[in-house]
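Single-structure report; data block below.
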Amino acid sequence: MKTKIIIIFMLIVNSVVYSQNFGIGIQSSFYNHGLSAKIKLNDDNAVQAVVSLLGPFSSYTGRYIKGFENHNVGGSIELQPYIVGGISLHTITVTNQTVSSSFGYGIGAGIDWSLISFENFEISNEIAWTNVTTALVGYSWSYIHYGFGVHYYFGY
């Protein structure tokens, strides 16, 4: 049974990775910087996972991205404005013991852009608001931040 599950998982991963809708890269925004996997469900919708493992701090973020109409600028750059919503889990671990876990959520807006000559690459810039509540003393904070991402898409 375990072998069948592994084979099915490998087939799914293989079909997603080699589809033209799957991209890997980095996503950076205040408090969350890390490796990113992005799947375009269609021309206007995408889901993204960002994993950050920075020493004692780690965060896991899931994002939904709703894109709007593509605009061709000067024949060489394609722009697509979008809105984004996400949830995240943050943990701080010291000497193999979790000290704090917190949940976060946020919304924002940005622009995906790509050069026509480098269709496989996509760059995103965004401004977002995020709220995080920690388990330590019930402290929470909100902030507005700038985000930046670079992704390479397979199969274009």
Side-chain angles (χ1 to χ4, degrees), residues 5-55 57-92 101-135 139-156:
I5 292 173
I6 291 172
I7 290 172
I8 291 170
F9 178 74
M10 294 294 284
L11 288 173
I12 291 170
V13 168
N14 190 40
S15 64
V16 168
V17 167
Y18 289 106
S19 75
Q20 62 182 338
N21 299 327
F22 180 76
I24 59 170
I26 58 169
Q27 185 72 36
S28 179
S29 57
F30 180 70
Y31 213 123
N32 290 326
H33 312 283
L35 299 176
S36 170
K38 197 172 186 182
I39 298 173
K40 289 189 175 185
L41 304 173
N42 56 35
D43 288 342
D44 295 331
N45 297 289
V47 291
Q48 181 180 22
V50 182
V51 176
S52 175
L53 303 171
L54 300 172
F57 173 77
S58 61
S59 68
Y60 309 92
T61 305
R63 298 165 32 117
Y64 169 73
I65 301 162
K66 168 64 176 145
F68 299 104
E69 184 179 345
N70 280 332
H71 300 281
N72 194 325
V73 179
S76 62
I77 298 175
E78 221 174 65
L79 299 176
Q80 183 179 31
Y82 66 86
I83 56 174
V84 61
I87 58 171
S88 59
L89 170 67
H90 311 273
T91 60
I92 298 174
S101 292
S102 57
F103 288 98
Y105 58 90
I107 58 171
I111 295 176
D112 281 334
W113 59 281
S114 59
L115 298 171
I116 301 298
S117 57
F118 296 105
E119 289 181 4
N120 293 36
F121 286 98
E122 180 180 82
I123 298 171
S124 61
N125 302 93
E126 67 190 33
I127 294 177
W129 169 83
T130 303
N131 183 52
V132 178
T133 303
T134 67
Y139 180 73
S140 66
W141 68 91
S142 298
Y143 50 90
I144 295 175
H145 56 88
Y146 170 76
F148 177 82
V150 177
H151 290 85
Y152 176 83
Y153 286 88
F154 295 92
Y156 265 82

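The first residue of the sequence shown is numbered 1, and numbering continues consecutively from there.
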Using a 4.5 Å cut-off on heavy atoms from C-beta on, say whether the side chain of [Y] contacts that of [X].
X    : Y    : value
Y105 : W129 : yes
V50  : S36  : yes
K40  : Q48  : no
N125 : W113 : yes
N120 : F154 : no

Take atom [atom1] in [X]; do more than 12 heavy atoms of anything else shown fall under 6.0 Å from it?
X    : atom1 : value
I87  : CD1   : no
F103 : CZ    : no
L41  : CG    : yes
I127 : CD1   : no

Checklist entry - Going through the distances and angles, do Y64 and N45 end up as a side-chain hydrogen bond (donor to acceptor under 3.5 Å, both in side chains)? => result CA-CA 8 Å; Y64 169 73; N45 297 289; 2.3 Å; yes

Item to check | Over all atoms of both residues, closest heavy-atom pair of T91 and S58 | outcome: OG1-OG, 2.5 Å

If I take atom [atom1] from residue [X] and atom [atom2] from residue [Y], how far apart are they, to the nearest 0.5 angstrom?
X    : Y    : atom1 : atom2 : answer
S52  : Q27  : OG    : CD    : 11.5 Å
H151 : S114 : NE2   : OG    : 13.5 Å
L115 : I123 : CG    : CD1   : 6.5 Å
H33  : T61  : NE2   : OG1   : 11.0 Å

Next on the checklist: Does the plane of the ring in F121 sit parallel, tilted or perpendicular to the ring in F118? Use 30° and 60° as the thresholds.
Outcome noted: perpendicular

Checklist entry - Do the side-chain N and O atoms of S101 and H90 include a donor-acceptor pair separated by under 3.5 angstrom? => result no

Checklist entry - Checking side-chain contact (heavy atoms from CB on, under 4.5 Å) for the pair Y143/V132: CA distance, chi angles, key distance, verdict? => result CA-CA 9 Å; Y143 50 90; V132 178; 4.1 Å; yes

Identify every side-chain donor-acceptor pair in residues 71-82 under 3.5 Å, counting partners at least two apart or on other chains, and give the distances.
from	atom 1	to	atom 2	distance (Å)
H71	NE2	E69	O	3.4
N72	OD1	G75	N	3.1
Q80	NE2	D43	O	3.1
Q80	NE2	D44	OD1	3.3
Q80	NE2	F68	O	2.7
Y82	OH	E126	OE1	2.6

Item to check | K38: which of I24, V47, I65 passes side-chain contact (heavy atoms from CB on, under 4.5 Å) | outcome: I65

